Amino acid sequence: MNTHQFGTVYLVGAGPGDPDLLTVKAQKLISKCDALVYDSLVPVELLELVSSNCQLHSVGKRRGHHSVPQRTTNDILFDLAKSYSCIVRLKGGDPFLFGRGAEEASYLHKKGVPVQVVPGVTSGIAAPAYVGIPITHRLAGSSVTFVTGHEGIDKKRPAVNWRSLAKSSDGIVIYMGVHNLKFISAELIAGGMHPETSAAVIEQGTVIGQRYIKSPLVKLFDRVQEENLRSPAIVVIGSVVDFQVEACSPKPAEVTFPIPI
């Protein structure tokens with residue numbers, strides 16, 4: 001099928017929540033697009049950037065809430081590309097990091113639809129930064145691993161080997177890890193990570209309602225339970241947590257979300 005029959009779909013990273021962390025390129029596309037397809041972790045303030053005649057489509061996915069199947073999202077994007085010249089698929093964080101951006105890009109490309117990715121600031125870097133925690137430090141090792149703590153049941157590869165990861169990375173940043181934190185912590189310790197390894201959990205990073213706790217790994221799950229921390233949250237494990245400079249923390253943004261968090 002000739003690609004000239006379709007508009008272009010832009011897979012745009014919305015960043016971690018604070019609208020000020022949106023990239024210039026992303027803001028330009030949101031402001032001029034004909035149609036916008038967005039996730040539940042995209043703040044309302046970003047949706048207000050669109051023009052008055054822009055078509056809005058919500059395809060949010062959240063634990064405990066109704067989710068739009070990925071196949072439906074793909075179909076929506078394909079149908080919009082038939083009618084509009086500029087379509088923005090706005091995704092929380094970065095489209096290609098623990099999202100479905102690559103799947104959507106592949107689907108659209110196979111259908112003959114022009115597609116471009118626009119990277120965004122990922123919460124795995126931003127959330128720790130907003131409480132002054134670096135994810136790398138010259139005195140805290142030479143590696144950091146980004147890993148998902150909530151794997152899809154349909155993944156066609158082995159699950160995360162937490163025991164191997166325990167000694168293979170100086171720092172670990174876990175996305176969507178709160179729900180499985182008890183298991184993850186136990187597996188890391190069983191794999192040889194010291195129980196007293198410093199760790200932190202940041203809830204609602206970069207936006208109003210942000211809060212966090214620090215704890216030795218062995219006590220992390222209990223602390224999260226005591227403080228009732230919930231998703232969305234980022235977990236940081238490693239000695240980098242000890243190099244926190246809280247004084248450099250930015251002020252969280254006052255925003256609202258389509259689905260309350």
Side-chain angles (χ1 to χ4, degrees), residues 1-17 22-23 25-44 46-47 49-51 53-124 146-160 175-176 179 231-232 257-259 261:
M1 190 173 287
N2 193 325
T3 58
H4 292 296
Q5 293 178 281
F6 298 111
T8 300
V9 176
Y10 296 89
L11 305 176
V12 177
L22 193 69
T23 67
K25 185 171 186 178
Q27 183 173 5
K28 288 179 179 178
L29 287 168
I30 294 170
S31 298
K32 76 173 186 178
C33 66
D34 306 303
L36 185 139
V37 180
Y38 63 94
D39 286 343
S40 58
L41 290 180
V42 172
V44 171
L46 292 186
L47 303 181
L49 296 175
V50 302
S51 64
N53 58 353
C54 177
Q55 295 287 322
L56 294 176
H57 298 266
S58 172
V59 292
K61 295 179 177 66
R62 289 286 304 283
R63 178 183 290 275
H65 294 275
H66 172 71
S67 296
V68 176
Q70 185 61 46
R71 180 175 296 180
T72 301
T73 299
N74 291 345
D75 290 341
I76 289 172
L77 293 172
F78 181 57
D79 288 342
L80 289 172
K82 298 175 184 177
S83 303
Y84 300 101
S85 62
C86 179
I87 303 94
V88 165
R89 169 67 171 107
L90 193 60
K91 303 173 70 69
D94 179 272
F96 278 7
L97 187 60
F98 301 132
R100 298 290 183 91
E103 297 173 39
E104 292 168 0
S106 178
Y107 171 85
L108 292 167
H109 176 67
K110 289 177 181 178
K111 289 285 191 177
V113 177
V115 57
Q116 292 185 30
V117 62
V118 179
V121 177
T122 179
S123 59
F146 295 94
V147 59
T148 176
H150 175 63
E151 296 189 302
I153 60 174
D154 58 343
K155 276 194 174 180
K156 297 179 180 179
R157 64 173 180 76
V160 174
Y175 292 68
M176 301 166 283
H179 183 70
S231 295
F257 290 88
I259 297 177
I261 62 175

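It should be emphasised that the depicted structure is a prediction, and the values quoted were computed from it without experimental measurement.
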Identify the two heavy atoms, one from [X] and one from [Y], that lie closest to each other, and give their separation to 0.1 Å.
{"X": "S51", "Y": "N53", "result": "OG-OD1, 2.7 Å"}
{"X": "V113", "Y": "A81", "result": "CG1-CB, 3.7 Å"}
{"X": "P232", "Y": "L41", "result": "CG-CD2, 4.3 Å"}
{"X": "A35", "Y": "Y84", "result": "CB-CD1, 4.1 Å"}
{"X": "A14", "Y": "V42", "result": "CB-CG2, 4.0 Å"}
{"X": "P119", "Y": "P95", "result": "CA-CD, 4.2 Å"}

inquiry  = Go through it in stages, so that I can follow the logic: the residues are L11 and V9, the test is side chain to side chain contact (heavy atoms under 4.5 Å, CB included), and I'd like the CA-CA distance, side-chain angles, deciding distance and then a yes or no.
reply    = CA-CA 6 Å; L11 305 176; V9 176; 4.2 Å; yes
Output the distance between atom [atom1] ([X]) and atom [atom2] ([Y]), rounded to the nearest 0.5 Å.
{"X": "Q70", "Y": "Y107", "atom1": "CD", "atom2": "OH", "value": "10.0 Å"}
{"X": "L80", "Y": "C86", "atom1": "CG", "atom2": "SG", "value": "11.5 Å"}
{"X": "C33", "Y": "R89", "atom1": "SG", "atom2": "CZ", "value": "13.0 Å"}
{"X": "F98", "Y": "K91", "atom1": "CZ", "atom2": "NZ", "value": "14.0 Å"}
{"X": "T73", "Y": "E104", "atom1": "OG1", "atom2": "CD", "value": "6.5 Å"}
{"X": "I87", "Y": "Q55", "atom1": "CD1", "atom2": "CD", "value": "11.5 Å"}

Non-neighbouring partners of [X] that pass side-chain contact (heavy atoms from CB on, under 4.5 Å), sequence neighbours left out:
{"X": "T72", "result": "V68, P69, I76"}
{"X": "T23", "result": "K25, A26, V118"}
{"X": "K82", "result": "F6, F78, D79"}
{"X": "L97", "result": "D94, T122, Y175"}

key: Which residues share a side chain to side chain donor-acceptor pair (under 3.5 Å) with S85, sequence neighbours left out   =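 With neighbours one apart ignored, the set is D34.
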key: Sub-4.5 Å side-chain heavy-atom contact between L90 and I30   = yes
query = Quick one: does V37's side chain get under 4.5 Å of V88's, heavy atoms only?
reply =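 Of all side-chain heavy-atom pairs linking V88 with V37, none is under 4.5 Å.
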task = Start with the C-alpha gap between Y38 and V59, add the side-chain angles, then the distance that decides, and say whether side chain to side chain contact (heavy atoms under 4.5 Å, CB included) holds.
result = CA-CA 6 Å; Y38 63 94; V59 292; over 6 Å; no
query = Under the side chain to side chain contact (heavy atoms under 4.5 Å, CB included) criterion, do N74 and L108 qualify, and how do the steps go?
reply = CA-CA 8 Å; N74 291 345; L108 292 167; over 6 Å; no
query = Who pairs with D75 by salt bridge (charged side-chain N to carboxylate O under 4.0 Å, His left out), at least two apart in sequence or on another chain?
reply = none
query = salt bridge (charged side-chain N to carboxylate O under 4.0 Å, His left out) with K32: which residues, sequence neighbours excluded?
reply =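 Residues passing salt bridge (charged side-chain N to carboxylate O under 4.0 Å, His left out) with K32: none at all.
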key: CA sep, side-chain torsions, deciding dist, call: L46, L22, side chain to side chain contact (heavy atoms under 4.5 Å, CB included)   = CA-CA 9 Å; L46 292 186; L22 193 69; 3.9 Å; yes
